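Inspection log for the structure reproduced underneath, given as structure tokens.
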Amino acid sequence: MTDALDKTYDPSAIETRWYEFWESNGHFAPSGEGTPYSIMIPPPNVTGSLHMGHAFQDTIMDALIRHRRMLGHDTLWQVGTDHAGIATQMLVERQLLASDISRHDLGRERFLEKVWEWKNTSGGMITEQLRRMGASVDWSRERFTMDDGCSRAVQEVFIRLFDQGLIYRGQRLVNWDPVLHTAISDLEVVSEQEQGSLWHFRYPLSDSSGHLVVATTRPETMLGDTAVAVHPEDERYSHLIGKTVALPLTDREIPIIADSYVDPEFGTGCVKITPAHDFNDYAMGERHCLPMINIFTKDAKLNDVVPETYRGMDRFDAREKIIIDLEALNLLEKIDPHTLKVPRGDRSGVVIEPLLTDQWFVAVETLSKPAIEAVENGSIRFVPKQWENTYYAWMRDLKDWCISRQLWWGHRIPAFYDDAGTIYVAESEEAARKKYSLAPDISLTQDEDVLDTWFSSALWTFSTLGWPDDTDTLKRYHPTSVLVTGFDIIFFWVARMIMMTLKFTGEVPFKTVYVHGLVRDAEGQKMSKSKGNVLDPIDLIDGISLEDLLEKRTGTLMQPQMREKIINTTKRQFPDGLQSYGTDALRFTFCSLASTGRDINFDVGRIEGYRNFCNKLWNATRFVMMKIDGHTLDELDTTHMTVFDRWIRSSLQATESKVAQAIESYRLDLASQAIYEFVWNEYCDWYLELTKPILADGGASKETQAATRRTLVGVLETILRLAHPLIPYITEELWQQVAPLIGRGGDTVSKAPYPISDASEVDTLAEADVEWMKSVIVAVRTIRGELNLSPGKEIPMMLAGGTSGDRDRLARLESLIVPLAKLSEIRFQDVNDPIPASSTQLIGQLEVHVPIAGLIDVEAEVTRLEKQVKKLEGDIRGLDGKLNNPGFTNKAPADVVERERGRLAEAEAQLAKITVAIHELRRG
RNA sequence: GGGUGGAUAGCUCAGUUGGAAGAGCAUCGCCCUUACAAGGCGAGGGUCGGGGGUUCGAGCCCCUCUCCACCCACCA
């Protein structure tokens, strides 16, 4: 406890030590007392590693939780990971593939064993990294979306929804990923603009009276065409409606139909209709009762429905062949270049194929209504508010949610089929037999599919608290207080959580949704592996050499042509790699960038500045410890406080209320700014300096020195508590040394009371005195700076003009101004005393002169003052105009008019004084 | 096609019911001052994207235009 602090702050020397201390002492567990406050961590993928987005988000949550914990609330930060169906299955499959094994070689059961094995050995990386961030989650309650409890909740929800008819199974056109061999939801499809072609083909009329030209971006689907559509009012084609065309390359005749969906302006105005492979065509097919011909296998190869020559071909090979074949038949009219949106699976990156398959769906309509209302009536509030509109827009146009996935890793659908295909839904085969009173000789097989990962995530706030049991934790911590999340998963997760939670608990999952922005690189580019601009939060904490950083950024590159560029940019940006900044600096940076919901551009310059801030705090503590060394600290004797003591304590109150208000309104940027300014610009720059002359030998009375020491430590101790939610490690380290000095015990600062602004400490008089004194000192320093006088050189100062208040203050503060401004003397000139040629600064009506006889270039000083004259003249013109405008004087509030009058008077007086000063200089 | 956010100092961004434009970093001076050179003290730098309107008064409110980013949507 009494170890001397090192001269330089070294985060690596303290951080892990304190985390182990907090965790092993159970300081993060809910206290069970006080107002409950709970946050559910958005469960990171168990396959994941911590990226900047996590680090940002975790910092916000941790700051909120630590703040409440110190306020004495009963805080639960629930931690856990997500099984991430597709991602995890892909990862383990890839590993197996290295040994040339496919999951089918192993079979379902053994494959799942492998996945669990992987999860148990390697799945903990992200939770270790979470610890590095200082996240004060309750590890004793760590959960996993596929643990027994969550799985039970998933089954229960599925069964209840099915029994109520809100989950159904049916054959629908869904987004099919031909590589992963599974359906995916609309949200998992990303469509990007890509360069393609628009092929124009002639479809001969069956009566040989000519042909129609259809335009398509997907020629291969023509084998599944079951109609050609035109707009009903398109005069070019109206006479053909009802006729048929002979579909080339097949022996089928398909009708020409009319549908107003067709845009006559686009292409030729004729659309080939493939109901089984296009969502629009599917809808049209239903409207016109067209046959739906599926021409693809699950690999997106052509199936046996198509003419023999195309069977078994990949869809893109078939495209080439069909184009060639049609051209050979002289049916290719032309090819236009065309940009189009190509839908790809967000995981696999392959082109999605709309495919007719049997899938499970959640009927969302009855669930979405209360979910919309919960936001409308304010039960759930979005911060920033504009996201509510995004939420409404999506919720009001919601399609049924496809929840089945043709994967192995995930929650297996609790549905069983008999030989006739009848569906029985129950948690097990045994339960199904009982529930549906099935004879023992009826054989049942379980559905092969698993559920969309987001299905279990949707239950996260209550499944982790013990639901479906009516547990005490559920009662106490649900609804949770706030959800902290990125906008990218509002639809995936937030909306679905709201629907499911309202349905099954009758409560909202959270009262507030705090939506933060994306973390981008310094140029505002999205961080991505392929761009090679990814920063790893752990590297910012620990530092990384240029060599290792280059290896990281180029080691597993998909597009090798980017390699050179990435190497160059990285070398230019980080010629020496990354320094070790520590967790606290990283966290403080995130906080200071966390303004209202906009994306943040992460610039390493910022983190460096905040690391310096930590160093500042560190050294301020060293200073205080040195000043205290050898003295005992009694209770604060308020009668012996100096004006500075009263000023800094007063200013601290203002900071405390700013910080409290900022955190409560989720403005961690404002909180960090308030702390930064107070610590650096007031406590360090002024207060510590002001204590030096007082604490010097013979500087002040014993009692005054004691009060100063007590204030020095007291304010610092408060600062450490105030800053702890943002920068937990350094504040713990320092607090452990500082707090005992004033008898503030406690195991950890993380459970010490959070500072609350105390109005009785506010002292406006002291604030005014100190502000005045600061401006006098700054005036002298400015003169010094302008005249290039060395800071150490003692110079005389003369004051003139000013009010009786100025004189009064001088009398009280003179002895402190002299050493701080490095003055040889201070003289107050009377009205009639001559002022020698000097450099002049004005503080209101008070003139600060430093005689410059022989010291400097008179012309330079004159030029400087003339610049001020110009500015003042401008100000006066503006103020004059304003005050001579009856519109202003009549309509503006009296206090505003009064203020402007005051400004005018002051500017005029200043102008007069400067004019005199210039005159003196010229003469002298 | 619809929607959202943004444009303020060289860079990254604050600016809370409209009342004389701010911070950090960068730049330029002067200082190795016994807490801190990861520091101290000073200085320079902005017709707040363009145009119009409301108002005594606009970075802020209204209209319009330009540019950037993102989201949603079924143009083959």
Side-chain angles (χ1 to χ4, degrees), chain A residues 5 7-9 191 198 214-218 221 229 261-263 265-274 278-284 338 340-341 384 386-387 389-390 393-394 397 487-488 490-491 517-518 520 522-524 526 579 581 585 592-593 595-606 608-627 661 665 667 669-670 673 676-677 681 684-685 688-689 692 777-778 781-792 822 875 878-879 882 885-893 895-897 899-900 903:
Chain A
L5 293 170
K7 185 170 175 181
T8 302
Y9 157 66
S191 295
L198 191 59
V214 298
T216 180
T217 55
R218 301 204 51 199
T221 63
Y261 157 76
V262 178
D263 175 4
E265 305 293 316
F266 188 88
T268 59
C270 296
V271 193
K272 58 187 270 317
I273 302 300
T274 321
D278 181 284
F279 289 98
N280 295 317
D281 293 4
Y282 181 81
M284 202 181 300
H338 182 67
L340 70 163
K341 294 261 191 155
Q386 80 243 13
W387 289 109
N389 290 327
T390 308
W394 192 69
D397 189 29
F487 60 83
D488 49 332
I490 288 183
F491 305 145
L518 233 59
R520 299 167 175 277
E523 273 88 45
K526 224 175 194 163
Q579 290 177 54
Y581 296 107
S592 67
L593 292 171
S595 55
T596 46
R598 68 191 261 172
D599 287 355
I600 65 175
N601 295 352
F602 195 92
D603 186 345
V604 176
R606 284 299 278 264
E608 190 165 336
Y610 294 122
R611 189 269 322 265
N612 295 353
F613 171 73
C614 292
N615 186 51
K616 190 79 180 173
L617 186 58
W618 183 271
N619 276 292
T621 305
R622 281 184 66 225
F623 172 84
V624 172
M625 300 295 287
M626 282 169 64
K627 292 296 173 191
Q661 205 188 344
S665 52
R667 290 298 303 268
D669 57 327
L670 299 181
Q673 196 188 327
Y676 185 100
E677 273 172 12
N681 303 124
C684 291
D685 283 352
L688 293 192
E689 294 303 326
K692 285 178 183 174
I777 293 170
V778 168
R781 285 176 180 166
T782 305
I783 292 172
R784 245 182 231 282
E786 296 289 352
L787 305 185
N788 271 352
L789 297 178
S790 127
K822 283 266 165 27
D875 289 353
L879 288 163
K882 212 172 190 179
N885 178 355
F888 174 70
T889 45
N890 293 338
K891 292 192 185 175
D895 61 313
V896 173
V897 176
R899 196 165 60 227
E900 298 300 297
R903 280 182 187 141

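Naming: A, B, ... by sequence-line order, numbering from 1 per chain. This is a predicted model, so every value here is computed, not measured.
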side-chain N/O A/Lys692 vs B/A35 OP1/OP2, d < 4.0 Å: yes
Sugar-phosphate only, base, or nothing, as touched by A/Cys614 at under 4.0 Å among non-hydrogen atoms: nothing
Span that lies between the P atom of B/G52 and that of B/U16, in whole angstrom: 25 Å
A/Thr216 OG1 to A/Leu198 CG distance, which is reported to the nearest 0.5 Å: 7.5 Å
Rounded interatomic separation in angstrom, taking CZ from A/Arg784 and P from B/C41: 13 Å
Rounded distance in Å between the C1' positions of B/A7 and B/G51: 16 Å
Among B/G42, B/A35, B/A76, the nucleotide that comes nearest once only the side chain of A/Lys616 is considered: B/A35
Who pairs with B/A26 - Watson-Crick or G-U, where each distance is under 3.5 Å: none
Between B/C74 and B/C13 - C1' atom distance, rounded Å: 41 Å
Watson-Crick or G-U wobble partner of B/U4, both distances under 3.5 Å: B/A69
Between C1' of B/A38 and CD of A/Gln579, the distance in whole Å: 8 Å
Euclidean distance, atom CG of residue A/Asp263 to atom C1' of B/C74 [Å, nearest integer]: 12 Å
Length of the line joining A/Met626:CE and B/A35:P, which is rounded to integer Å: 5 Å
A/His338 side-chain N/O to B/A76 phosphate OP1/OP2 under 4.0 Å: yes
First of A/Phe613 and A/Thr390 reached from the 5' end of RNA chain B, by closest nucleotide: A/Phe613
Touch class at under 4.0 angstrom, heavy-atom based, for A/Arg611 against every strand present: base
A/Leu5 vs A/Thr621 side-chain heavy atoms within contact, under 4.5 Å: yes
Touch class at under 4.0 angstrom, heavy-atom based, for A/Thr8 against every strand present: base
d(CG, A/Asp278; P, B/C75) in whole Å: 10 Å
Distance between P atoms of B/C36 and B/C41 (Å, rounded): 14 Å
Of A/Asp278, A/Asp281, A/Thr221, the residue whose pairing with A/Lys272 passes side-chain hydrogen bond (donor to acceptor under 3.5 Å, both in side chains): A/Thr221
A/Lys7 side chain near B/A35 phosphate (N/O to OP1/OP2, under 4.0 Å): no
Separation of the C1' atoms in B/C48 and B/C60, to the nearest angstrom: 10 Å
P-based separation of B/C75 from B/G1 [nearest Å]: 12 Å
Partner nucleotide of B/G44 by Watson-Crick or wobble geometry (both distances under 3.5 Å): none
Touch class at under 4.0 angstrom, heavy-atom based, for A/Asp488 against every strand present: nothing
A/Phe491, nearest nucleotide to its side chain (from B/C75, B/C71, B/A38): B/C71
pair A/Arg622-A/Met625: side-chain heavy atoms closer than 4.5 Å: no
Residues A/Trp618, A/Thr8; criterion side chain to side chain contact (heavy atoms under 4.5 Å, CB included); working and verdict: CA-CA 8 Å; A/Trp618 183 271; A/Thr8 302; over 6 Å; no
A/Thr390 side chain reached by A/Phe487 side chain, heavy atoms, under 4.5 Å: no
Touch class at under 4.0 angstrom, heavy-atom based, for A/Phe279 against every strand present: nothing
Atom C1', compared across B/G57 and B/A43: separation rounded to whole Å: 32 Å
Nucleotide forming a Watson-Crick or wobble pair with B/G39, both distances under 3.5 Å: B/C31
Sugar-phosphate, base or nothing in reach of A/Asn885, heavy atoms under 4.0 Å: sugar-phosphate
Touch class at under 4.0 angstrom, heavy-atom based, for A/Ala393 against every strand present: nothing
Rounded distance in Å - CH2 (A/Trp387) to P (B/C71): 10 Å
Crowding at CD, A/Glu608 (>12 non-hydrogen neighbours, <6.0 Å): yes
Nucleic acid footprint by protein, nucleotides 12-28 of chain B - heavy-atom cut-off 4.0 Å, B for base, S for sugar-phosphate alone: BSSS---BB---S----
Nucleotide paired to B/C61 in any strand shown, Watson-Crick or G-U, under 3.5 Å: B/G53
Separation of A/Lys616 NZ from A/Tyr9 OH (nearest 0.5 Å): 15.5 Å
C1' gap between B/A38 and B/G44, integer Å: 25 Å
Between C1' of B/C31 and NZ of A/Lys822, the distance in whole Å: 11 Å
Side-chain heavy atoms of A/Tyr610 within contact of A/Tyr676, under 4.5 Å: yes
Touch class at under 4.0 angstrom, heavy-atom based, for A/Phe602 against every strand present: nothing
Student check: side-chain heavy atoms of A/Val604 and A/Tyr581 closer than 4.5 Å: yes
Pair assignment for B/A21, Watson-Crick or G-U wobble, requiring both distances under 3.5 Å: none
Distance in angstrom units between A/Lys627 NZ and B/C36 P, rounded: 11 Å
Pairwise 5' ranking along RNA chain B for A/Phe623 and A/Val778, keeping only the more 5' one: A/Phe623
